[in-house]
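One structure is given below, encoded as structure tokens.
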Amino acid sequence: MTVTAKNSKGTELFVGTASGVDADSYLDGVAQEQISDVSFPNSATHRFTPGDEKPEADIADRDWWISQDTGKTVAKTFDLDAEPQVLVIAPANSDDSLDGTTVSLQMRVKGVFALSLLGIAGTIILAGFSVFFFMRWWDSRIRPPKKDVGRPNGTGPDEGGGPDSSDSGPGGGSGSGRGGRGPADDRTATGEPGPATQPISTVQPDTAGQAPPRRRDLRNRRSFRAVTASVLGTGLVLSGCANMPIAKPSSPDTTPYERTAVRPGEAGKFMTNYTESLDKTLGDKGSDLDKIQAAPLIDHTRAQIQIADKAKQKLRAPNFTEVVAGSPNFTEYPMWFYAFGTADKNSTDGDKQLTQVMLVTRESASTDPLVRSASYIPTDQMPTLMADDSGAVEKGPEDFSEDLTTASGDVSSFLVDGKAKSGGPEGLKEGGFKGFRDYLGDLRDKDSGFDKVDVDCKPYEDLKFEDMSLSTENGAIGMGEVRCTLTIKAPSDYALDLGDTVEAVKTNDKEGDTIKVDTAHPYVLMKTGDELTAVATDWNVLSSKVE
């Protein structure tokens, strides 16, 4: 089927196809005309839904369109047996309208014309046969008997005049016979004309001299019935030609729709677009960062931009050599998915190759995907995701959600006292966890000059990490974050000097002997069998202030 839209006023039009979950979310609350059913050749079911004049975001900028095109005349051809999609026609410029736009539908089918010709020819032939047999049947109906049928043998029209009718013949005489003579006999004898007919009760036909009644031609009758049935059957078939299965399109069903949050091939596209946008943002000192990141990650990046500017360094986004993504199957917004990008060796420090794990959310089809958390794990620890036929990855089991909640408390406790609890996740004495504990040790060293260094750590609660996890081949994977506050007190006769990193993120210029430093500790939690492992390659300074 081909759907064509033309505008008589020269307005630039947009046509696009999308999954229903995206189109429904994008057009939610927007004035629109919905065509839900089409019956060829000239009937459509549609309804108008009132709302806002235009969507929140430009229609051509959305990344979820399966196909799209623009022009004064736009068209889309699709297979009627294809997976259901929503086709959207709108002005390419959101300030324009669809006034003067005409939408038409055309359907190309094979075999209907030839079948119709055969049907017409067959009808004509059958109609001719039916007329022929009907006339034959009509001509062979039971006819009235001939005039001489039912008369005595040897008698002719002149019944009363011949010698055989005299009184002297055998069986005659003047006496009465079996029936006797009635008045009619007297009239015959005297030459008077008799009645033209006799009462039916007195007629005694001589069956021996009559021709037998003719039988009805049952064979002709059966032929007539067969022809009639054939004609009626052919008429019923031809009456349905307009609705033959080959020519009748299926009705587009507008709900429900299902798709994975990341379709096959979209992970690489997302990672490429994100890297390019992040590089541009970092070069512009954080402008438009909120279009690609959200809390808690955006807090880390803003602090890193400040620190890099203070240290006269240049930040850049990592490059990826391999990308995969996973998400459960969703039918509505908001959505989330995990993206895994193997970084090339020039993008990270150290000898081991690392894979960046990112948690991405999307609130609606009108908004862009936002990276909410990012952390690295060694590439050789990257688990295998198990996707189904549609590309969806099963959500992590319920007991792993409980593990994520428990692990956040274990990480918080370890960052405070440096003691790993029995039964807690492995890996707390390595990587970023160990790095933070070493930093605390340096601050508490007697040669540092500080009177007191306290630390308080709590799990980050503004994002429900425990609700967003994925199953893997041998377990599950999820993310988490802990926020800590360092309270550093120096002697009153000492000047505070915590280095460029802490100075770069100061939020006030107050004079004092106490400084508070906020830090962030993102990590990845993986479960393999019954073993839990927490992985953190680094930690971040977020802000500082003097009290």
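Everything quoted here is computed from the prediction, not taken from an experiment. Sequential numbering from 1 along the given sequence is applied to the chain's residues.
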Legend entry - Donor-acceptor under 3.5 Å (R437 side chain, V416 main chain): yes

Inset, instruction - Tell me, with the steps shown, if S36 and T45 meet side-chain hydrogen bond (donor to acceptor under 3.5 Å, both in side chains). - result: CA-CA 6 Å; S36 59; T45 301; 5.1 Å; no

Legend entry - Spatial distance of atom CG (N508) from atom NZ (K516) [nearest 0.5 Å]: 12.0 Å

Legend entry - Heavy-atom closest pair, residues M479 and M358: SD-C, 4.4 Å

Legend entry - Sub-4.5 Å side-chain heavy-atom contact between R372 and L297: no

Inset, instruction - Find out whether K285 and D309 are in side-chain contact, i.e. whether some heavy atom of one side chain is under 4.5 Å from a heavy atom of the other. - result: yes

Inset, instruction - Please determine, by modelled atom types, if Q106 and T2 share a side-chain donor-acceptor pair under 3.5 angstrom. - result: no

Inset, instruction - Could you tell me whether the side chain of V517 reaches within less than 4.5 Å of the side chain of T485, counting heavy atoms only? - result: no

Legend entry - salt_bridge(D513, K489) N-O dist < 4.0 Å: yes

Inset, instruction - Write down the atom of S469, the atom of G478, and the distance for their closest heavy-atom approach. - result: CB-CA, 4.3 Å

Legend entry - Donor-acceptor contact present, side-chain R362 to main-chain T367, <3.5 Å: yes

Legend entry - Donor-acceptor side-chain pairing of T321 and D344 below 3.5 angstrom: no

Legend entry - Rounded distance [0.5 Å steps], CD in E322 versus CE in M271: 10.5 Å

Legend entry - Side chain S413, main chain G409, donor-acceptor under 3.5 Å: no

Legend entry - Q306-Q304 side chain donor-acceptor pair, cut-off 3.5 Å: no

Legend entry - Salt bridge flag under 4.0 Å for residues R62 and D368: yes

Legend entry - Presence of salt bridge, K280 and D284, under 4.0 angstrom: no

Legend entry - N93 side chain near F14 side chain, heavy-atom distance below 4.5 Å: no

Legend entry - D445 side chain to D447 backbone, donor-acceptor under 3.5 Å: yes

Inset, instruction - Mark yes or no for whether N540, through its side chain, and L542, through its backbone, hold a donor-acceptor pair below 3.5 Å. - result: no

Inset, instruction - Output yes when a side-chain donor or acceptor of T49 lies under 3.5 Å from a complementary backbone atom of A31, and no otherwise. - result: no

Legend entry - Considering all heavy atoms, the nearest F340-V357 contact: CE2-CG1, 3.6 Å

Inset, instruction - Please test E426 against T533 for side-chain hydrogen bond (donor to acceptor under 3.5 Å, both in side chains), starting from the C-alpha separation and ending with a verdict. - result: CA-CA 5 Å; E426 300 291 330; T533 303; over 6 Å; no

Inset, instruction - Determine the minimum heavy-atom distance between L486 and Y439, stating which atoms define it. - result: CD1-CE2, 3.9 Å

Inset, instruction - First locate atom CG of N7, then atom OG1 of T73, and finally report the distance between them rounded to the nearest 0.5 Å. - result: 8.5 Å

Inset, instruction - State whether the number of non-hydrogen atoms from other residues, nucleotides or ligands found under 6.0 Å of K506 atom NZ is greater than 12. - result: yes

Legend entry - Polar side-chain atom of S19 near backbone of V21 as donor-acceptor pair, under 3.5 Å: no

Inset, instruction - Report yes or no: does E473 contribute a side-chain atom to a donor-acceptor pair with the main-chain N or O of L385 at less than 3.5 Å? - result: no

Inset, instruction - Please step through side-chain contact (heavy atoms from CB on, under 4.5 Å) for the pair T501 and V505, ending with a clear verdict. - result: CA-CA 7 Å; T501 298; V505 294; 5.9 Å; no

Legend entry - Lys/Arg N to Asp/Glu carboxylate O, K54 vs D96, below 4.0 Å: no

Legend entry - NZ/NE/NH1/NH2 to OD/OE distance under 4.0 Å, K527 and D399: yes

Legend entry - Spatial distance of atom CD (E547) from atom CD1 (I515) [nearest 0.5 Å]: 9.5 Å

Inset, instruction - Please report the shortest heavy-atom distance between S412 and K458, naming the atom on each side. - result: OG-C, 3.7 Å

Inset, instruction - Would you check if there is a donor-acceptor pair between the side chains of T342 and T379 at a distance under 3.5 Å? - result: no

Inset, instruction - Would you sort out whether T487 and V453 count as a side-chain contact (heavy atoms from CB on, under 4.5 Å), showing the intermediate values? - result: CA-CA 6 Å; T487 302; V453 177; over 6 Å; no

Legend entry - Nearest-0.5 Å distance, CG of residue L443 to OG of residue S448: 6.5 Å

Legend entry - Counterpart residues, side chain to side chain donor-acceptor pair (under 3.5 Å), relative to S543 (two or more places apart): D518

Inset, instruction - Working to the nearest 0.5 Å, report the span between CD of E461 and NZ of K464. - result: 6.5 Å

Inset, instruction - Please indicate whether E394 has more than 12 foreign heavy atoms, meaning atoms of other residues, nucleotides or ligands, lying under 6.0 Å from its CD. - result: no

Inset, instruction - Report yes if the side chains of S471 and P397 come closer than 4.5 Å at any heavy-atom pair, otherwise no. - result: yes

Legend entry - Test item: T275 side-chain N/O and T272 main-chain N/O as donor-acceptor pair under 3.5 Å: no

Legend entry - Sidechain N-carboxylate O distance under 4.0 Å for K352, D380: no

Inset, instruction - Apply the side-chain contact (heavy atoms from CB on, under 4.5 Å) test between W336 and each candidate in D467, V360, L359; give the one that qualifies. - result: L359

Inset, instruction - Look only at the side chain of T4 and the backbone of S104, and say whether a donor-acceptor pair between them is shorter than 3.5 Å. - result: no

Inset, instruction - Verify the ring-centre separation between W539 and F433: is it less than 6.0 angstrom? - result: no

Legend entry - Note, S327 side chain near Y338 side chain (heavy atom, < 4.5 Å): no

Inset, instruction - Report yes if the side chains of L498 and I488 come closer than 4.5 Å at any heavy-atom pair, otherwise no. - result: yes

Inset, instruction - Report the C-alpha separation of I292 and T281 in whole Å, then their side-chain angles, then the decisive distance to 0.1 Å, and conclude whether the side-chain contact (heavy atoms from CB on, under 4.5 Å) test is met. - result: CA-CA 9 Å; I292 58 175; T281 296; 4.1 Å; yes

Inset, instruction - Compare all side-chain heavy atoms of V15 with those of L87 and state whether any distance is below 4.5 angstrom. - result: yes

Legend entry - Step-by-step side-chain contact (heavy atoms from CB on, under 4.5 Å) determination, L525 to F465: CA-CA 11 Å; L525 187 69; F465 288 102; over 6 Å; no

Legend entry - Minimal non-hydrogen separation, V86 against G20, with atom names: CG2-CA, 3.9 Å

Inset, instruction - Answer yes if the side chains of D538 and Y376 hold a donor-acceptor pair under 3.5 Å, and no otherwise. - result: no

